[in-house]
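Here's the structure, in structure tokens; my notes come after.
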Amino acid sequence: MKREKDFTRLYLCRHGEVAGDGRKRYNGHIDIDISDNGVQQMEMLRDQLIETKISAAYSSDLIRSKKGAEIIGGPHGAPRVSLAEFRERGVGAWEGKSWDEIQAEFPGEWSAWLSDIVHFLPPGGESLMGVAGRVMPALGKVIEENRGGEILLVGHGGVNRVILADAMKLDLHYIFRIDQDFGCLNIIDYYEDGVSVVKLLNG
């Protein structure tokens, strides 16, 4: 049976604003919830995607990602799948700390990270290369299982950048040139010949 189209569309969102004191922090694997404003951001995405044909909604197993998939995917009646492979980067001893706190408490490690953002391992954490090594195989499986469909993935800032960099064949060293705001939407079409096209970035 011939499918209607030869690409699979991924609606890649970042979770909503997280609860907290408003300071920029590395939350990593900390299971922090989204704020009221974060809920509103997810509801806006839900309304924006209401006319799409989402057949499956994926997220990490962290509540800030899962809640987004529940809100956005709910009207579609799509099955929701939570995968640990889509978790944000684990940053070990840095988790829950602000950038200023990390620089003050770990000055040597901070400098090492700036020197090699791809391979550096925070104390007890994982490298950016390690994140890509778990995220991309999981995404490949998701795409293969949903060929020709439209799927939702509510991810995290770092995870989304890895996915977008791969789609655009951008070296991981440059992923922070990709902005990912809370509650943003990206659209990527994955063709059967292996070509990927980014239709929307940080929308």
Side-chain angles (χ1 to χ4, degrees), residues 12-42 45 57-72 80-139 142 153-166 170-184 186 202:
L12 177 65
C13 308
R14 186 183 180 191
H15 61 75
E17 176 191 81
V18 295
D21 58 9
R23 299 179 70 186
K24 189 172 183 64
R25 298 181 183 276
Y26 278 113
N27 289 307
H29 290 182
I30 294 176
D31 206 10
I32 188 170
D33 204 346
I34 56 177
S35 66
D36 290 342
N37 185 50
V39 170
Q40 292 178 359
Q41 290 169 336
M42 296 295 93
L45 280 177
Y58 292 84
S59 70
S60 80
D61 60 349
L62 298 174
I63 191 169
R64 58 190 186 272
S65 175
K66 289 171 62 176
K67 185 172 284 188
E70 291 168 2
I71 294 172
I72 300 169
R80 295 189 291 274
V81 182
S82 300
L83 298 173
E85 289 87 346
F86 291 137
R87 278 189 179 196
E88 182 60 289
R89 178 188 181 187
V91 289
W94 292 6
E95 294 198 351
K97 297 182 182 296
S98 70
W99 287 20
D100 290 342
E101 289 168 341
I102 296 170
Q103 291 178 65
E105 295 177 34
F106 304 90
E109 290 88 346
W110 181 264
S111 295
W113 176 71
L114 293 178
S115 297
D116 187 357
I117 66 168
V118 176
H119 301 100
F120 172 72
L121 287 165
E126 61 183 330
S127 68
L128 187 56
M129 184 65 74
V131 175
R134 63 171 162 83
V135 168
M136 294 315 302
L139 180 62
V142 166
L153 171 56
V154 180
H156 302 266
V159 169
N160 288 10
R161 288 182 175 96
V162 165
I163 292 172
L164 288 160
D166 178 83
L170 182 68
D171 190 286
L172 286 175
H173 286 91
Y174 306 114
I175 68 166
F176 290 108
R177 296 185 183 185
I178 302 172
D179 205 2
Q180 285 293 279
D181 297 325
F182 287 129
C184 71
N186 312 278
N202 199 42

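- Taking CE of Met129 as the start and NE2 of His119 as the end, the distance is 3.5 Å to the nearest 0.5 Å.
- Not one N or O on the side chain of Asp181 forms a donor-acceptor pair closer than 3.5 Å with the backbone of Asn202.
- His15 and His156 get closest at one heavy-atom pair: CD2-ND1, 3.4 Å.
- The side-chain contact (heavy atoms from CB on, under 4.5 Å) search around Asn27 returns Val18, Arg25, Ile32, Arg64, not counting sequence neighbours.
- A salt bridge links Asp61 and Arg87; the closest N-O separation between the charged side-chain nitrogens and carboxylate oxygens is under 4.0 Å.
- With hydrogens and angles disregarded, a donor-acceptor distance shorter than 3.5 Å links the side chain of Ser65 to the backbone of Val154.
- Classified by interplanar angle (parallel below 30°, tilted 30° to 60°, perpendicular above 60°), the ring pair Trp94/Tyr26 is tilted.
- For the residue pair Gln180 and Asn186, a side-chain donor N or O sits within less than 3.5 Å of a side-chain acceptor on the partner.
- Heavy atoms only, all atoms of each residue included: Phe182 and Arg14 are closest at CE2-NH2, 3.3 Å.
- The shortest side-chain heavy-atom distance between Phe86 and Val142 falls under the 4.5 Å cut-off.
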> Can you list the steps and then say if Arg161 with Asp179 is a side chain to side chain contact (heavy atoms under 4.5 Å, CB included)?
Replying inline: CA-CA 8 Å; Arg161 288 182 175 96; Asp179 205 2; 4.1 Å; yes

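- Listed for the Glu126 side chain is no donor-acceptor partner under 3.5 Å among the backbone atoms of Arg89.
- Separating the CD atom in Gln41 from the CD1 atom in Ile71 is a distance of 10.5 Å, to the nearest 0.5 Å.
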> Can Ile178 and Leu170 be said to form a side chain to side chain contact (heavy atoms under 4.5 Å, CB included), step by step?
Replying inline: CA-CA 10 Å; Ile178 302 172; Leu170 182 68; 3.9 Å; yes

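- Minimum heavy-atom separation, Asn160 to Cys13: ND2-O, 3.1 Å.
- Counting all heavy atoms, side chain and backbone alike, Ile163 lies closest to Leu139 at CG2-CD2, 3.6 Å.
- In this structure, the separation between CG on Leu62 and CG on Asp33 is 11.0 Å, given to the nearest 0.5 Å.
- For Met42 against Ile34, the heavy-atom pair with the smallest separation is CG-CD1, 4.1 Å.
- Remark: Tyr174 OH is loosely packed, at most 12 non-hydrogen atoms of other residues, nucleotides or ligands lying under 6.0 Å away.
- Taken from CG in Asp166 to CD1 in Ile175, the straight-line distance is 12.0 Å, to the nearest 0.5 Å.
- To the nearest 0.5 angstrom, Tyr58 atom OH is 14.0 Å from Leu12 atom CG.
- Checking side-chain atoms of Arg80 against main-chain N and O of Ala57 turns up no donor-acceptor pair under 3.5 Å.
- The nearest pair of heavy atoms linking Glu88 to Gly28 is CB-O, 3.8 Å.
- At a threshold of 4.5 Å between non-hydrogen side-chain atoms, the residues His173 and Asp116 count as touching.
- Atoms OG and CD, on Ser82 and Glu70 in that order, are 7.5 Å from each other to the nearest 0.5 Å.
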N/O donor-acceptor pairs under 3.5 Å from side chains in residues 102-112, not counting sequence neighbours:
| unit_1 | atom_1 | unit_2 | atom_2 | d |
| --- | --- | --- | --- | --- |
| Gln103 | NE2 | Trp99 | O | 3.4 |
| Glu105 | OE1 | Lys97 | NZ | 3.1 |
| Ser111 | OG | Pro107 | O | 3.2 |

